[in-house]
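To keep things clear, I will list the structure first and then write my remarks on it.
Letters A, B, ... mirror the listed sequences (proteins, then strands); counts begin at 1.
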2 protein chains.
Amino acid sequence: MNQKKEIANKLRTSGLRPTKQRILIAKNLFDRNKTFHFTIETLNKKINRKGKEQISLATIYNTVEAFINAGYLKEILTSKNKSYYDTNIRSHHHFYDEGSKELTDINYNQVKLSKVPIPPKGKKIKNLEVVIRIQK
Amino acid sequence: MNQKKEIANKLRTSGLRPTKQRILIAKNLFDRNKTFHFTIETLNKKINRKGKEQISLATIYNTVEAFINAGYLKEILTSKNKSYYDTNIRSHHHFYDEGSKELTDINYNQVKLSKVPIPPKGKKIKNLEVVIRIQK
DNA sequence: TTCTAGTTTAGAATTATTATAAACTAGAAA
DNA sequence: TTTCTAGTTTATAATAATTCTAAACTAGAA
Ligand SMILES: [Mn+2]
Ligand SMILES: [Mn+2]
Ligand SMILES: [Zn+2]
Ligand SMILES: [Zn+2]
């Protein structure tokens, strides 16, 4: 139960009140050894399976947004229908499987961009992470 | 008016009946000297401004889908909210301006990927086009 | 313990897209 | 040329993801 306190402190440092909903969601997201890629739908299912305490869908949305603003999560733009999120906030690349619709991490140094165009004047590159679409 | 016949023939070779709606949309999309990047919303506005003959939104959607299947258009996955389409069907890269929400072509040889990871076994790379997000 | 700003929630609203089914039409066949 | 029908268009409904609203709740400062 020290973990709960750790999470609570982390949230407080970001100006987020450590509510029981946020702590439960944070546990689900960050208490794991490898990267977790998810959509609101998959996170909601994981949190709200019967037997466990329920959290409203609106709170799932609100909390994911709050965690993104706090820098705990990153959004991965890969699909036109659905938002994907990533607990790995470092800069890195992805495989996106068009069949299973799942993301897999690619280490940043596994992709080498030896030539990158200069952006139009007045604009700068915000993000250069590659999504490689794969299929069977 | 020979143009109309050319478009009609092109459509027929793809098994698409050259209706007046499809011909008008094709004219708007392909009768231009540079790449056109658009969303359903922008195409719909361009087609259906007052004074011109109207085409229903459903037909805009249907026609864009038909043109993609025929290989006349390509879909660019860049935003989570909205589909983007491209009259440039060759393999190439893009800048996506997060401010104006507009795509710009990058020639294929302006980006050099000197290292690309091997996809998971049983999977192959479907597409490796880079979207570089830019902003002010 | 009290108080209030921040948070959660159910449900409504919005946006992009897809489905439905009736009316219309291109063009093959008569 | 006329007839016929599969393909197409259209208004509208339905769906899916997300955002908004406003009332009830609560963390934690005072
Ligand atoms: Mn959508
Ligand atoms: Mn959306
Ligand atoms: Zn990742
Ligand atoms: Zn393009």
Distance-only polar pair, side chains of N88(A) and H37(A), donor-acceptor under 3.5 Å: no
Tell me whether the side-chain N/O atoms of T19(A) come closer than 4.0 Å to OP1 or OP2 in dT8(C). yes
Please report, rounded to the nearest Å, how far the P atom of dT17(C) is from the CD1 atom of I40(B). 6 Å
Scanning all shown strands, the Watson-Crick or wobble mate of dA30(D) with both distances under 3.5 Å is dT1(C)
Nearest-nucleotide comparison on DNA chain C, the residue closer to the 5′ end among L16(B) and N62(B): N62(B)
Just how far, in rounded Å, is C1' of dG28(D) from CG of N9(A)? 14 Å
Does the side chain of R12(A) get closer than 4.0 angstrom to OP1 or OP2 of dG28(D) through an N or O atom? yes
Kindly point out which of dT9(C), dA26(C), dA5(C) is positioned nearest to the side chain of R17(B)? dA26(C)
Is the distance from OP1 or OP2 of dG7(D) to the nearest side-chain N or O of R22(B) less than 4.0 Å? no
Take the protein atom CD of E65(A) and the nucleotide atom C1' of dT18(D), then report the distance between them rounded to whole Å. 11 Å
With respect to the phosphate group of dA16(C), does any side-chain polar atom (N or O) of S83(B) fall under 4.0 Å of OP1 or OP2? no
Spacing between K101(A) atom NZ and dA17(D) atom P, to the nearest angstrom: 11 Å
Between dA27(D), dT10(D), dG27(C), which one does the side chain of P18(A) approach most closely? dA27(D)
Rounded to whole Å, the CD1-P distance (I7(A) to dA27(D)) equals 16 Å
I55(A) CD1 to dT26(D) C1': how many Å, rounded? 15 Å
Y61(B) atom OH is separated from dT20(C) atom C1', nearest whole Å, by 17 Å
What contact category does T59(A) fall into here, base, sugar-phosphate, or nothing, at under 4.0 angstrom with non-hydrogen atoms? base
Quickly work out the N44(B) CG to dA11(D) P distance and round it to whole Å. 11 Å
Does dA23(C) have a Watson-Crick or wobble partner in any strand here, with both distances under 3.5 angstrom, and which is it? dT8(D)
I need the single residue from F36(B), F67(B), F38(B) that forms a ring-ring contact (aromatic ring centres under 6.0 Å, His included) with Y85(B). Which is it? F38(B)
If you round to the nearest 0.5 Å, how far is CZ of R22(A) from OH of Y72(A)? 10.0 Å
Check: V111(A) and V116(B) side chains under 4.5 Å, non-hydrogen atoms: no
Salt-bridge contact E41(A)-K45(A) (side-chain N to carboxylate O under 4.0 Å): yes
Please tell me if Q21(B) has a side-chain N or O lying less than 4.0 Å from either OP1 or OP2 of dT10(D). yes
